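The structure under discussion appears below in the form of structure tokens.
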Amino acid sequence: MAKPKAKTPPVPAEFLPKHIAFIMDGNGRWAKKRGLPRTAGHVEGARNFKRIVRYCKDIGIENITFYAFSTENWKRPDEEVSKIMELMREYLVEVRKHMTENTRLIVLGDKSAFSPDLKNGFDSIEKDTKDFKEMTLNLAVNYGSRHEMVSAVKQLAQQVKDGTLQPEEITEETISNALYTKELPDVDLMIRPSGEFRISNFLLWQSAYAELYFCDTLWPDFSAKDVDQALIAYAKRNRRFGGL
Ligand code: FPP
């Protein structure tokens with residue numbers, strides 16, 4: 001029998017998305033409004049990330065993905081980049097302390113660009129949580145969809161060169177399996193708070209049929225109530241996947 005949910009979702013379980021992707025936008029503006037440095041916005045954004053993970057788990061969402069650092073975010077000032085790295089380090093320590101959560105952590109992105117301690121920290125958490133089944137939490141770090149696709153094309157080209165793959169054998173499945181998200185279902189619902197209406201190079205292949213949800217709340221203020229509103233809106237959408 002399925003485990004009872006810690007909290008009741010706002011819609012019946014059969015109307016819940018299997019995979020939600022969050023773009024955590026608006027940290028800088030949240031801080032500016034309060035006369036604080038941008039880094040304070042990321043601190044509050046990271047706190048909120050943990051609250052939203054908790055809530056999604058409590059209502060029974062099986063896969064959640066958060067855009068924590070893009071391939072383009074290296075262009076930000078050093079202080080801001082360092083703060084985000086520090087928050088990720090702290091988070092890894094917390095995950096270690098709560099290994100009983102039965103949550104699998106997967107990193108989507110090119111980890112080779114990170115300092116060895118962070119890269120090793122991500123690698124070991126991925127390894128140590130790989131059999132956890134209640135929820136999969138994906139952290140997109142140094143992630144960009146185009147970069148991901150380029151690396152998938154290179155992998156497949158190499159296999160063709162080696163003679164282990166024929167060009168005519170390449171299917172949508174072959175491509176999906178060459179992406180960071182190979183073990184995940186496609187995104188059902190993509191949420192971007194903060195009043196911006198774009199998806200910023202995030203999960204472009206995986207969101208081909210995702211429902212998009214935008215709202216004005218800045219990420220640090222995005223609450224469980226906002227998740228509920230997105231889920232209610234999602235449950236009302238008529239998903240046709242190109243059919244009638
Ligand atoms: C976008 O808001 C946010 C980011 C580029 C970074 C998000 C990172 C975190 C919330 C911390 C990650 C840490 C963990 C543990 C997951 P913005 O700064 O571009 O906001 P703005 O558009 O208002 O300037």
Side-chain angles (χ1 to χ4, degrees), residues 20-57 61 63-99 101 103-111 113-115 117-126 129 135-145 147 180 190-203 214-224 226-227:
I20 309 181
F22 292 92
I23 302 183
M24 301 189 281
D25 195 16
N27 297 343
R29 277 164 286 164
W30 183 92
K32 193 170 176 204
K33 265 173 60 181
R34 288 160 179 79
L36 298 168
R38 292 179 55 81
T39 47
H42 295 312
V43 171
E44 200 48 44
R47 267 190 212 128
N48 198 44
F49 152 78
K50 287 177 255 179
R51 289 192 285 261
I52 297 297
V53 170
R54 176 81 262 159
Y55 183 64
C56 288
K57 182 150 190 258
I61 306 294
N63 301 277
I64 46 177
T65 301
F66 291 82
Y67 208 177
F69 194 83
S70 75
T71 42
E72 289 72 37
N73 286 151
W74 297 107
K75 291 184 233 157
R76 297 195 174 200
D78 288 350
E79 193 200 346
E80 188 169 338
V81 171
S82 306
K83 187 69 201 179
I84 295 173
M85 300 298 147
E86 186 188 317
L87 290 167
M88 291 199 265
R89 262 187 208 99
E90 285 170 12
Y91 182 60
L92 290 183
V93 173
E94 284 181 41
V95 174
R96 277 255 161 249
K97 275 198 214 145
H98 298 98
M99 289 299 266
E101 282 290 327
T103 296
R104 178 173 186 189
L105 194 132
I106 298 181
V107 173
L108 313 177
D110 179 2
K111 286 175 280 185
F114 294 112
S115 62
D117 71 310
L118 197 49
K119 184 189 173 300
N120 295 338
F122 281 138
D123 284 343
S124 70
I125 288 282
E126 284 188 298
T129 61
M135 183 174 76
T136 301
L137 161 59
N138 308 287
L139 258 193
V141 293
N142 194 24
Y143 176 87
S145 218
H147 182 273
Y180 294 120
M190 182 177 284
I191 299 179
R192 181 171 195 151
S194 97
E196 308 288 352
F197 298 96
R198 34 174 201 276
I199 55 176
S200 301
N201 202 16
F202 190 39
L203 302 171
F214 300 99
C215 66
D216 287 335
T217 319
L218 302 174
W219 173 256
D221 292 329
F222 186 87
S223 65
D226 293 299
V227 174

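Every number for a ligand or one of its atoms is a count from 1 in the order of the listing. Here the structure is a predicted model, which is why all the values come from computation and not from measurement.
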Fill in the blank from the handout: Separation between CG (Leu203) and CD1 (Ile23), nearest 0.5 Å, reads 8.0 Å
Handout entry: NZ on Lys33 to CG on Asp221, rounded to 0.5 Å
Key = 6.5 Å
Got the closest protein heavy atom to [atom], with its distance?
atom                   : value
atom 5 (C) of ligand 1 : Asn73 OD1, 3.5 Å
atom 3 (C) of ligand 1 : Met24 O, 3.1 Å
atom 4 (C) of ligand 1 : His42 CE1, 3.8 Å

Ligand 1 and [X], any nitrogen or oxygen pair closer than 3.5 angstrom?
X     : result
Asn27 : yes
Ala46 : no
Trp30 : no
Ile84 : no
Asp25 : yes
Arg76 : yes

Residues [X] and [Y] bridged, charged N to O under 4.0 Å:
X      : Y      : result
Arg54  : Glu101 : yes
Arg38  : Glu79  : no
Glu196 : Arg29  : yes
Glu44  : Arg47  : yes

Exercise for the section: Report yes if the distance between the aromatic ring centroids of Trp74 and Tyr143 is under 6.0 Å, otherwise no. Expected result: no
Exercise for the section: Please check if the distance between the ring centroids of Tyr91 and Phe49 is under 6.0 Å. Expected result: yes
Exercise for the section: Pick, from Glu90, Glu196, Lys33, Arg38, the option with the minimum heavy-atom distance to atom 18 (O) of ligand 1. Expected result: Arg38
At a 4.0 Å threshold, what atoms of ligand 1 neighbour a non-hydrogen atom of [X]?
X      : result
Tyr91  : 15 (C)
Arg29  : 21 (P), 22 (O), 23 (O)
Leu87  : 15 (C)
Ala68  : 6 (C), 7 (C), 8 (C)
Leu139 : 16 (C)

Problem - Check: Arg51/Ser223 side-chain N/O donor and acceptor closer than 3.5 Å - result: no
Handout entry: Contacts of Ala46 that satisfy side-chain contact (heavy atoms from CB on, under 4.5 Å) - sequence neighbours left out
Key = Leu87
Where on [X] is there a heavy atom closer than 4.0 Å to ligand 1, on the side chain, on the backbone, on both, or on neither?
X      : answer
Asn48  : neither
Lys50  : neither
Leu218 : neither

Handout entry: Charged tip of Arg34 within 45° of Trp30 ring normal and under 6.0 Å
Key = yes
Exercise for the section: Report yes or no: does Phe66 have a heavy atom closer than 4.0 Å to ligand 1? Expected result: no
Handout entry: Results of salt bridge (Lys or Arg N to Asp or Glu O under 4.0 Å) for Glu72 - residues two or more places apart only
Key = none
